[in-house]
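Nothing fancy with the numbering, it's 1 onward along the sequence. Not measured: the values here are computed from a predicted model.
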Amino acid sequence: MPWFESITFTSLQFVALWGLIGLAVVLIVLRESSTLVLARDSKGKLEISRAALHRVLEACCEQVRGIASARAHVTRKGKIYHTELRLRIRPDAKLDAIQGYLTQEITDIYHQNLGLKDIGAIEIKIVGVVPDDQTF
């Protein structure tokens, strides 16, 4: 008689329940936090929410002529911050100039404004083109 025939249906339910609980715990532990700690000392700490960081980067992008809208996504792997910018551009946009300018500006924001030193790749993806506004 094989060993699995002696397992009852309730035992299988019990194992499945504990498996789901274990999976939920792993997902909670591996989830990215909603804030990033920028500075910490004996007096306290300085944090920025991920949404606020994304909005700062998006505002920087949207000030550039030729960019209609931007979406930013920042992830951290170890101590390195990786940035992905998804841009909708206008037809007259100079992509090489935009890429160079945004890379420098985003790096400056990380270093000077936020005090972050470990900056990884800054990926810029063009996801759409917005027609010029033809107003009189």
First locate atom [atom1] of [X], then atom [atom2] of [Y], and finally report the distance between them rounded to the nearest 0.5 Å.
{"X": "Ile122", "Y": "Thr103", "atom1": "CD1", "atom2": "OG1", "answer": "5.5 Å"}
{"X": "Ile109", "Y": "Glu105", "atom1": "CD1", "atom2": "CD", "answer": "6.5 Å"}
{"X": "Ile124", "Y": "Leu95", "atom1": "CD1", "atom2": "CG", "answer": "9.5 Å"}
{"X": "Ile48", "Y": "Thr35", "atom1": "CD1", "atom2": "OG1", "answer": "10.0 Å"}
{"X": "Phe14", "Y": "Leu17", "atom1": "CZ", "atom2": "CG", "answer": "7.5 Å"}
{"X": "Trp18", "Y": "Gln13", "atom1": "CH2", "atom2": "CD", "answer": "15.0 Å"}

Test item: [X] and [Y] side chains (from C-beta on) under 4.5 Å apart, heavy atoms:
{"X": "Leu114", "Y": "Leu53", "value": "yes"}
{"X": "Thr75", "Y": "Tyr81", "value": "no"}
{"X": "His82", "Y": "Ile80", "value": "yes"}
{"X": "Ile119", "Y": "Leu116", "value": "yes"}
{"X": "Asp92", "Y": "Arg65", "value": "yes"}

Are the side chain of [X] and the backbone of [Y] linked by a donor-acceptor contact shorter than 3.5 Å?
{"X": "Asp41", "Y": "Gly44", "value": "yes"}
{"X": "Glu62", "Y": "Ala70", "value": "yes"}
{"X": "Arg50", "Y": "Val74", "value": "yes"}

Could you list all the ring pair (Phe, Tyr, Trp, His ring centres under 6.0 Å) pairs where at least one residue sits in [range], not counting sequence neighbours?
{"range": "residues 34-53", "value": "none"}
{"range": "residues 37-58", "value": "His54-His73"}
{"range": "residues 105-130", "value": "none"}

Heavy-atom closest pair, residues [X] and [Y]:
{"X": "Pro91", "Y": "Val130", "answer": "CD-O, 3.1 Å"}
{"X": "Cys61", "Y": "Ile67", "answer": "O-CD1, 3.3 Å"}
{"X": "Ile98", "Y": "Ala93", "answer": "CD1-CB, 3.7 Å"}
{"X": "Val64", "Y": "Cys60", "answer": "CG2-O, 3.8 Å"}

Please answer: with hydrophobic residues joined when any side-chain heavy atoms are less than 4.5 Å apart, are Val129 and Leu87 in the same cluster?
->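 Linked, Val129 and Leu87 end up in one cluster.
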Step by step, would you call Leu85 with Thr83 a side chain to side chain contact (heavy atoms under 4.5 Å, CB included)?
-> CA-CA 7 Å; Leu85 302 171; Thr83 306; 4.1 Å; yes
Take Arg76 and Asp118, measure what salt bridge (Lys or Arg N to Asp or Glu O under 4.0 Å) needs, and give me the verdict at the end.
-> CA-CA 10 Å; Arg76 189 174 80 187; Asp118 299 322; over 6 Å; no
Lys117 atom NZ, neighbour heavy-atom count above 12 within 6.0 Å |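 Counting other residues, nucleotides and ligands, NZ of Lys117 exceeds 12 neighbours.
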Side-chain ion pair, Arg86 and Glu123, N-O less than 4.0 Å |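 No, no charged N to carboxylate O under 4.0 Å.
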